[in-house]
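Only one structure is covered here, and it is reproduced in the block below.
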Amino acid sequence: MSEFDLGKFEEEAHESWIHAFESNPSNLEKFYLTVAYPYPSGAMHVGHGRTYIVPDVIARFWRMKGRQVLYPMAFHVTGAPVIGISKRIANKDEKTIRLYRDLYKVPQNVLDEFVDPLTIVRHFAGEYQRVMTACGLSIDWRRRFTTVDPTYSKFIEWQWKHLYEAGHVIKGVHPVRYCTVDENPVGDHDLLEGDKSEVVKFTLVMFRYGDSFIPTATLRPETIHGVTNLWANPTVTYVKALVDGKAWIVSKEAAEKLILQDHTVEIKEEIHGKDLIDKKVSHPLCGEITILPAEFVDPDMASGLVMSVPAHAPFDYIALRDLQQAGKYKEIKPIPLIKVEGYGEIPAQYAVEKAGIANQMDSRMDALTQEIYSAEFSKGKLFEKYGGKPVRVARDDVAALMVEKYDSAIMYEFDQRPVICRCGNQVRVKILHDQWFLKYSDPAWKQQVSDHLGDMALVPAEVRAEFDRTVGWLKDWACTRRVGLGTRFPWDTTQLIEPLSDSTCYMAYYTIAHKIREIDSKLLTPEVFDYIFLGKKSEDLPEKKKLDAMRAEFLYWYPYNYRFSAKDLISNHLTFQIFHHVSIFPKDKLPAGMVVFGMGLLNGAKMSSSKGNVFLLEDAVAEFGADTVRMFLMGSAEPWQDFDWRNELVISTKKQIERFYATIMEMKDANGEPHDIDKWLVSRLQSHIERTTEALNNFQTRQALQEAWFSIETDLKWYRRRLPDNCDGSRELHTLASVWVRLLSPFIPFTGEHLWKELAGEGLVSFAPWPVADKKLISPRVELSEELLSRTVEDIESIMKIIQITPKAITIALAPEWKHDIFRTIAQSADRNTVIKEIMKDDNMKKRGKEATDAARQCTTLIHRLPPQVVTPLTQEPINEHAVFEDAKTFLEKVFGVPVHITDAESGVHVKAATALPFKPAIIIE
RNA sequence: GCGAGAAUACCCAAGAGGUCAAAGGGGAUCGACUCAAGAUCGAUUCGCGCAGGCGUUCGCAGGUUCGACUCCUGCUUCUCGCACCA
C-alpha cells in the first residue's frame, strides 16, 4: 500500500496532465469560462490563488460532466505601474528592491535586468504560469498571450475602429490633477493628501481696472447683479501679468496655475494687496464698485480675488458687516437679486442672524454657505428685473453670456486643498488637450448595456444592484495615456490606449490566440478580424484556411459562459466589457454570466504586498501541498464571501485529506457481502451526489465540499457503528469510494488522480464521468428506520447523562396503534385547532378520555419538531417500529452494554411507557 | 459624504415566519486505543436540571404577527466602490 505523499501525487499527476487540458472544438457541448487576467508585476500570493482556483474547480466539474471546457489564461502587461517599478529599481530605491529581492525572492541577476520594464512582466508572467501549474489549474496554455504582443495590438486596433465608427470614441479637453514635478497626471492612489478632492469649474468674472482686468473667480456668476464690491487680501502679493496678451491682476499662485490651463502668462510687475484697496473697478453688469480688504481671501484659491455679494453669500455679508461696524463703507448696502422661499428679503443676512453668528471665524460658516448655496440653486428664482429665471437655469446662461460678451474665462480649481502628490509637490489642475474619451455617458449606449445586463446570469444575485448603479453612474472615460506600455492609439499615435480600455474583449481573442500567431501580424487588417469575429467577407483576405479555422473556433466557444472576477472590478472592468461587447458583437455573442468574488484576508488583516502582509502561493503549495491549499480556499468561504487564510486552519485541512486518503485505501479492497445497513449507505449517497452537483451548478464550492466531504464522512461513521461485529465493509464500499473520489477530485485533483489509479479507474479522473444519483437506489423506508434508531439512541444517551445511574437494562416501549392514528390525523389536517375535536368524536378515542387528548397534544408538538421529510412519509406509510428495534437489538446492546428489551407501551411494564409516541418510543432505564 | 453589501455562540459559518439552543467545520476540554507522542474513534463546548425538560440568546432599540435569527423602521459597526488606476 502506498503512503500518503502529496508531493508524489503532484509529480505523478503533472506528468499525466501534460497537454491534457488543451481544448479544441468538438461534438460536445462547450463550457467556456474566463477569469480576469493578472498584471504580473510581483509574485502570486494565496489571495491570487483563490481567484484562479475557483474557476478551475468549476472547470473540472463541467469537464467531468461531459462538457468541452475551455479555461485560458493570459497576461496583462500594458499600463504604467511596471514603468514606475523599473525606475525605482534603477534608482536603487531600497524599499522596492527589498520587496522584490526579499519577499518575491527574485535572484540578483534577474533583478538587475528589471531596469527594463518588460523584463519585469516577462519574468513574473513566467512565474505565474509556473505557480498556476503547480496549483493544478487545468488551463489551456497554448492560448497564452500578453497584451503587448503585436497580434494582440492588431486585435485592439480592430476593436477600436468599431468603437470609433459607432461614435463611442470622442476627443475632448479635460482638466486633470497634475504634478508639475513628475510632469504627469496623478491618480487617487498617487496622492499623499487630498485624495477626495474634486476639480470644480469657476467662472472668472472680469472687472475693468484701469488698463487691466481683475478676474474674480465664482461658482455663482448669476449673482453678478448683486455685487457690491470686490475683496482683495491686503497681505498678499498680486501680480500684473499679460495673460493671452491682456493685462490681468491675479495672485502669484494663480499666475502659475493659469499657465497649466491653456493660457500664456507673462508677469510684468508685482502689486501689493494693500495697494488695491479702495480702488474702483467696473463691470458692465454691475457698474462701478470698490475693492475692499478681507483676510479670508486665499491667494491659492483660483485667481486670488473674489467678488462680493453680501445679500446671498454669508461670508461676504459678515465681512462687510465687520467693516461697517468699524465705521467704514457705511454707504454699501446688500443688493438682493434672488427670491428663495423661507429666507426672507436678504437670504445671507437672514441665515446669519438666525444662526446667531458673531464673526467670520465662526465654525458654522462653511455649512451655512453650503446651505444657502443649495437652497438658492434648487428653489431660488432671479427677480423679474434680472430675467426671472430659476437659478439653476440662469447660472449657466449668465456664465455663457459672460464668456461670450464680457471677456470671462473658465478656471479649474480643487474643491479642497491641499492636494499633494506622492513626490511631495503641490498638485495643480492641468487642462489636457487631445485627450480621448470613451463616451460611456451616452444614454443610448447605457441603455444597450442595461438591456443586456438584464439577460445575464449574475452570481451572487446581490451584485446586480451594483452593476445597475455603475451603468447609470459611468461618465466618459479618458482612454488614452502618454506613458506606459500598450497599443498606439490609431488616431493619435503619440498616445497609447489606456490599459483598462484594452482589456474589454480579450475573452474573444482567447478563442483564436493559439492560431493567430501563425499569421504575420502585418497581414492582420481590420478586415481579417471582421471576418473571424463578425463573419464579414471581403476581397483578398490572407491565409483564408487559417482564418476559417479561427472563425470556427470563435463560433464554437463564444460567447463565454462565465467570467470570474473580484468584486472591486464591478465599477470598471466588469462593466466596461459589457459596453464594448454590446457595441461590437452580435446579440448571440454577448457575455452570458459573471461570478463576482469576495476579497482575501491573511490572519484577519488585508493582504498587501507593500505592507508585507502576504503569504506567497508558491510557499503555501510547497509547505502544505497544492490539494491542501485548494481545498482550504474552496472550503473556507463561498467564492463571493471574503475569506481569511490562517496557517493553523490549513494544517487541519491537510489532515482531512490524509484521512480521506486512508479511508479510500481501506475501502478499495472491501468485497464482503452487503448487510442491511449497506442499503442505507447507498441510499444516502445518492442524495449527497445530488446535493454536491446542485451546489457546484451554483458555484457554491463550500457547500459542495460540505456535502461531498463531511456528509459522506459522517455517514460512514454511522455505517461502521452499525456494521455487525467481525464484519468488514461490503463491496458497496468500493462503489462508494469510486463515487467519492470523483466528487472530490475537482477540489483535490492530485490526490484524486492517484486514488483513481488505485481504484483501477479508467483513464484520468479529470475526465472521468461525474457521478449521477440513481433514484432507484434511494429507499426512504430504510433512511427513515435509521433515523428512528439514531434519534432513539440520542435520546437514551441524553437521559443516561442526566440520571447518572449505572443501568442494568433498557426497555424501549413502542406507541400503540391508536396513537399512530392520532399522529396521522393531526399531521394531515389543515386546521390544528379543530383537529383534536375531530379525533375525540371517534368512540374509540372517547373511551380513552384524557389519555387521548394528552396524546393528541403531544403528537402536535412532536410533529412540529420533526422535519417534514420525516413526517410526510410517516403519514403515508408507517414503518414497522417493532421490526426496526428488533433488528437493531444487538447493535443497541453493544452500544449501551446492557440487555435491551423491546415491548409495547401498553403491556404494563412501567408507568413511563405511557409517554410513548410514534417515532418517539418511551425509554425506561433501570 | 454618496452608492452597494454585511453583522449568528470561543473562531469560520449554515439559516430566507413555526422543523431553532440554532447544521457543518475548526479550536478547546474529557475519555478510549497506545510505553508515549501523533493519527484515529467517542463525548462535551449558553445556563439550569438524577428522565428525553425548562430558561435566556442570533449587533442595538423599536414595530408587524398567535409566533421572528428570518419581515418593517431607526441606530451602531465592518467590507467594497466612488474613476483616468491595475
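In the text below, chain A, chain B and the rest are named by the order of the sequence lines, each starting its count at 1. Quick caveat: nothing in here was measured; it's all calculated off a predicted structure.
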| said: Roughly how many Å apart are B:G18 and B:U76, using the C1' atom of each and rounding to a whole number? | reply: 30 Å

| query | Side-chain N or O of A:Gln656 less than 4.0 angstrom from OP1 or OP2 on B:G24? | reply | no

| request: For A:Trp709, report the nucleic acid contact type (base, sugar-phosphate, nothing); a contact means any heavy atom under 4.0 Å. | output: nothing

| request: May I ask you to say what A:His76 touches in the nucleic acid, namely base, sugar-phosphate or nothing, with a heavy-atom cut-off under 4.0 Å? | output: sugar-phosphate

| field | Distance-only side-chain donor-acceptor flag, A:Gln435 / A:Thr480, under 3.5 Å | value | yes

| field | Nearest-Å distance for atom pair CE/P, residues A:Met599 and B:A86 | value | 17 Å

Distances for protein N or O near nucleotides 43-48 of chain B N or O, under 3.5 Å:
from  : atom 1 : to       : atom 2 : distance (Å)
B:U44 : OP1    : A:Lys801 : NZ     : 3.0

| query | Rounded to the Å, how far apart are A:Leu705 CG and B:A14 P? | reply | 14 Å

| field | Pairwise C1' distance for B:U70 and B:G81, with rounding to whole Å | value | 29 Å

| task | Confirm from the modelled atom types if A:Asn572 and B:A86 form a donor-acceptor pair under 3.5 Å, side chain to base only. | result | yes

| Phosphate OP1/OP2 of B:G38: any A:Lys655 side-chain N/O under 4.0 Å | no

| task | Looking at every strand, decide which applies to A:Arg659 at a 4.0 Å heavy-atom threshold: base, sugar-phosphate, or nothing. | result | sugar-phosphate

| task | Using whole Å, report how far CG of A:Leu716 lies from P of B:G24. | result | 16 Å

| task | Go through the side-chain N and O atoms of A:Asp502 and A:Thr487 and say whether any donor and acceptor fall under 3.5 Å apart. | result | no

| request: Rounded to the nearest angstrom, tell me the gap between atom CE in A:Met665 and atom P in B:U40. | output: 17 Å

| field | Side-chain donor-acceptor pair present, A:His174, A:Asp476, cut-off under 3.5 Å | value | no

| request: For B:A22 and B:A32, measure between their P atoms and round to the nearest Å. | output: 29 Å

| task | Would you indicate what A:Arg177 reaches in the nucleic acid, counting non-hydrogen atoms under 4.0 angstrom: base, sugar-phosphate, or nothing? | result | sugar-phosphate

| query | For the residue pair A:His76 and A:Tyr506, is the inter-centroid distance of their aromatic rings smaller than 6.0 Å? | reply | no

| remark: The nucleotide from B:A86, B:U79, B:G24 with an atom nearest the side chain of A:Ala80 is B:A86

| field | B:A61 to B:C50 separation - P atoms, rounded to the nearest Å | value | 33 Å

| Would one find a side-chain N or O of A:Lys567 under 4.0 angstrom from OP1 or OP2 of B:A4? | no

| remark: Among B:C85, B:G24, B:U79, the one nearest any side-chain atom of A:Lys606 is B:U79

| remark: B/S/- along nucleotides 49-54 of chain B (protein heavy atoms under 4.0 Å) is BBBBS-

| task | Compare the minimum distances between each of B:A83, B:G5, B:C80 and the side chain of A:Glu462, then state the nucleotide with the smallest one. | result | B:G5

| field | Test item: side-chain donor near acceptor, A:Thr751 and A:Tyr661, under 3.5 Å | value | no

| Presence of salt bridge, A:Glu658 and A:Lys654, under 4.0 angstrom | no

| task | Would you please indicate yes or no on a ring centroid separation below 6.0 angstrom for A:Tyr440 and A:Phe576? | result | yes

| said: Assess the residue pair A:Arg482 and A:Asp434 against the criterion (salt bridge (Lys or Arg N to Asp or Glu O under 4.0 Å)); give the C-alpha distance rounded to whole Å, side-chain angles, the decisive distance to 0.1 Å, and a yes or no. | reply: CA-CA 11 Å; A:Arg482 280 166 178 79; A:Asp434 303 325; 5.2 Å; no

| Looking for any heavy atom pair under 4.0 Å, which part of the strands does A:Leu500 touch: base, sugar-phosphate only, or nothing? | base

| query | Counting N and O atoms only, with roles assigned by atom type, does the side chain of A:Arg702 sit under 3.5 Å from a partner on the main chain of A:Ser636, one being a donor and the other an acceptor? | reply | yes

| Residue from A:Phe4, A:Phe747, A:Trp740, A:Phe710 passing ring-ring contact (aromatic ring centres under 6.0 Å, His included) with A:Phe660 | A:Trp740

| request: Just call it for A:Gln641: base, sugar-phosphate, or nothing, with non-hydrogen atoms closer than 4.0 Å on any strand. | output: sugar-phosphate

| query | Which whole-number value in Å describes the distance from A:Leu602 CG to B:U79 P? | reply | 16 Å

| message | By nearest atom, which of the nucleotides B:G5, B:A83, B:A86 is closest to the A:Ala465 side chain? | response | B:G5

| note | From CG of A:Leu601 across to P of B:C11 the rounded distance in Å is 16 Å

| query | Does the ring centre of A:Trp640 sit less than 6.0 Å away from the ring centre of A:Phe699? | reply | no

